[in-house]
Amino acid sequence: MDEKVQIVIDGKSYDFPVIIGTENEKGIDITKLRGETSYITVDNGFGNTGSCTSAITYLDGEKGILRYRGYPIEQIAEQSSFVETAYLLIEGELPKKDELSQFSQSFTAHADLHKDMISSFSGYPQGGHPMGLLSAMICSLSGYYPELLAPEPSQEEMKKTAAQLLSKVRTITAYTYKQSLNQDFVPPRSDLSYIANFLHMMFSTKEKEFPIDDIIVSALRSILILHADHEQNCSTSTVRLVGSSWANMFASISAGVCALWGPLHGGANQKVLEMLEEIHQAGGDVQKFIDKAKDPDDSYRLMGFGHRVYKNFDPRSIIIKKRTHELFDKLGIHDPLLEIALKLEEATLKDEYFVKRKLYPNVDFYSGLIYKAIGIPTDMFTVMFAIGRMPGWIAHWKEMKENPKSKIGRPRQIYTGATERPFVPIDQR
Ligand code: CMC
């Protein structure tokens, strides 16, 4: 028999169906709540609200489980490529060889930016935050590809838009970096892999080819895969919400980039590095900063700690920490910031405040150290997160589009303002 939940309001009982996921997660379907009872639910920060059903990513925050389309993140991060992971997330299955090669080729075909778009980089002030430019450039792709803006796109159109976004996000990022340095743009090369091509556009110059190091490619591969999707986080929910109005994929994902920018979400990776630098400058006393974060009268937080969903450990941070050590060992890097990060983690693991609130290092805690080692400037860390998250945003936008039951997102509220009162003309106030 189908499971139901009874809600009693003013002595009258109402039945609501229970939706059960493939991992036995349960949700009360309250779609008819307001119609039948005139009540709504209130859930600050949506901590208990399922906005959709989704077959893309499963995570269990208590057990530290993360799977893309059923495949454990540990196995994907070890064995897959970023492009293959993107295919898996967007198309739902691991690609066969010819499917993967076609998918990769579509990136090669779309890597270049339109010449008018290239010239628009110079209109952006130097020193402006690259996330602002990334969001603007992604939205402006809609101007260059008007044929991809149909409110009900075909499969073919969605594939083309996805390829444009996945490919061009690298070029936009690299050109943003070049613009910040006042250097010439380095065009993409069709003979390089996804990540190698990105590194080439970032770090080669007119005079000198950047030597592609497999160790760096491999570290970046892991990091991008680990960021590729994380179900209904703030930016992905934003992409879905904007897309639910039938806004096109470029516009929806541009909004997702803005949501990611915030320091409580993807912007945390930049803030982590700034925090580690601050601790280093201040002499390396981690306890001082821990005490500040614990002070109820101080809004200061240890960046890179805590997560809305993970309450024991973030499986992504464990893999990234391992990769950080591997990269530093192989490249012979000694960075005092890594030592501070390790000290901070060790001290918080023993600290009652952090233990009680289940605050552990999250994905953003160690990623910045890898970016720094590769030579990516601090203000571009969140842009790197955006490159990684692109497949997830696309997969969710597509899943929403393909669901015939999708509706425009339109939450309710409980109004707490003034009750009706007569308007007072300005000279009588
Ligand atoms: N440092 C110190 N205290 C913290 C921290 C922190 N990083 N995070 C949460 N707390 C405290 C918070 O003050 C509150 O304490 P109290 O119960 O005494 O009021 C308690 O822990 C619960 O915090 P919350 O804000 O209600 O938790 P949340 O689930 O709404 O927020 C979070 C989750 C990630 C926004 C938060 O932990 C945070 O601000 N962390 C720092 C920013 C960060 O690293 N963000 C990256 C998240 S992972 C990447 C991504 O996918 O976005």
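All residue numbers refer to positions in the sequence shown, counting from 1.
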Do you see a donor-acceptor pair shorter than 3.5 Å between the side chains of [X] and [Y]?
X      : Y      : answer
Gln281 : Glu277 : no
Asp229 : Thr57  : yes
Ser142 : Asn248 : no
Arg316 : Asn362 : no
Thr37  : Arg34  : no
Thr236 : Gln232 : no
Asp291 : Gln287 : yes
Asp43  : Asn48  : yes
Ser54  : Glu399 : yes

Quick check on the 6.0 Å ring-centre criterion: do [X] and [Y] meet it?
X      : Y      : value
Phe305 : Phe365 : yes
Phe82  : Tyr194 : yes
His227 : Phe385 : yes
Tyr58  : Tyr68  : no

Inset, instruction - Mind running salt bridge (charged side-chain N to carboxylate O under 4.0 Å, His left out) on Lys321 and Glu345 for me, showing each step along the way? - result: CA-CA 11 Å; Lys321 185 178 173 185; Glu345 180 179 4; 3.1 Å; yes
So do [Y] and [X] actually touch side chain to side chain, heavy atoms under 4.5 Å?
X      : Y      : result
Leu338 : Tyr366 : yes
Ile279 : Asp285 : no
Arg389 : Asn233 : yes
Thr161 : Ile394 : no
Phe185 : Met201 : no
Val363 : His307 : no
Tyr353 : Arg357 : yes
Phe103 : Pro95  : no

Relative to each other, are the rings of [X] and [Y] parallel, tilted or perpendicular (30° and 60° limits)?
X      : Y      : result
Tyr310 : His230 : tilted
Phe381 : Tyr371 : tilted
His129 : Trp261 : tilted

Measure from the side-chain N and O atoms of [X] to the backbone N and O of [Y], and report whether any donor-acceptor pair falls under 3.5 Å.
X      : Y      : answer
Ser218 : Asp214 : no
Asn312 : Glu62  : yes
Thr85  : Ile225 : no
Ser245 : Val242 : yes
Tyr415 : Ala418 : yes
Thr171 : Ala111 : yes
Glu157 : Ser154 : yes
Ser254 : Ser135 : yes
Ser244 : Gly409 : yes
Gln164 : Tyr145 : no

Inset, instruction - Give the intermediate values and the outcome of side-chain hydrogen bond (donor to acceptor under 3.5 Å, both in side chains) for residues Asn269 and Thr382. - result: CA-CA 6 Å; Asn269 57 14; Thr382 315; 3.0 Å; yes
Show the nearest heavy-atom pair for residues [X] and [Y], with the distance to one decimal.
X      : Y      : answer
Lys178 : Met202 : NZ-O, 3.1 Å
Thr176 : Pro130 : CG2-CB, 3.7 Å
Pro361 : Ser317 : O-OG, 3.2 Å
Leu327 : Ala219 : CD1-CB, 3.9 Å
Pro263 : Met303 : O-CE, 3.1 Å
Phe313 : Tyr360 : N-CD1, 4.4 Å

Rounded to the nearest 0.5 Å, how far does [atom2] of [Y] lie from [atom1] of [X]?
X      : Y      : atom1 : atom2 : value
Lys372 : Leu337 : NZ    : CG    : 4.5 Å
Glu78  : Arg221 : CD    : CZ    : 7.0 Å
Leu59  : Asp314 : CG    : CG    : 9.0 Å
Phe46  : Arg308 : CZ    : CZ    : 10.0 Å
Ile376 : Leu220 : CD1   : CG    : 5.5 Å
Ile65  : Asp60  : CD1   : CG    : 5.0 Å

Salt bridge check, [Y] against [X]: does any charged N sit closer than 4.0 Å to a carboxylate O?
X      : Y      : answer
Glu274 : Lys271 : yes
Lys350 : Glu346 : yes
Lys294 : Asp351 : yes
Lys63  : Glu23  : no
Lys26  : Glu3   : yes
Glu402 : Lys398 : yes
Asp298 : Lys292 : yes

Has [X] got more than 12 heavy atoms of other residues, nucleotides or ligands less than 6.0 Å from its [atom1]?
X     : atom1 : value
Glu93 : CD    : no
Glu36 : CD    : yes
Ile28 : CD1   : no

Inset, instruction - For the pair Glu99 and Lys159, evaluate salt bridge (charged side-chain N to carboxylate O under 4.0 Å, His left out) and give the outcome as yes or no after the intermediate values. - result: CA-CA 13 Å; Glu99 290 168 330; Lys159 272 194 175 56; over 6 Å; no
Legend entry - Residue list, ring pair (Phe, Tyr, Trp, His ring centres under 6.0 Å) with His110, at least two apart or on another chain: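 Per chain and number, His110 pairs via ring pair (Phe, Tyr, Trp, His ring centres under 6.0 Å) with no residue.
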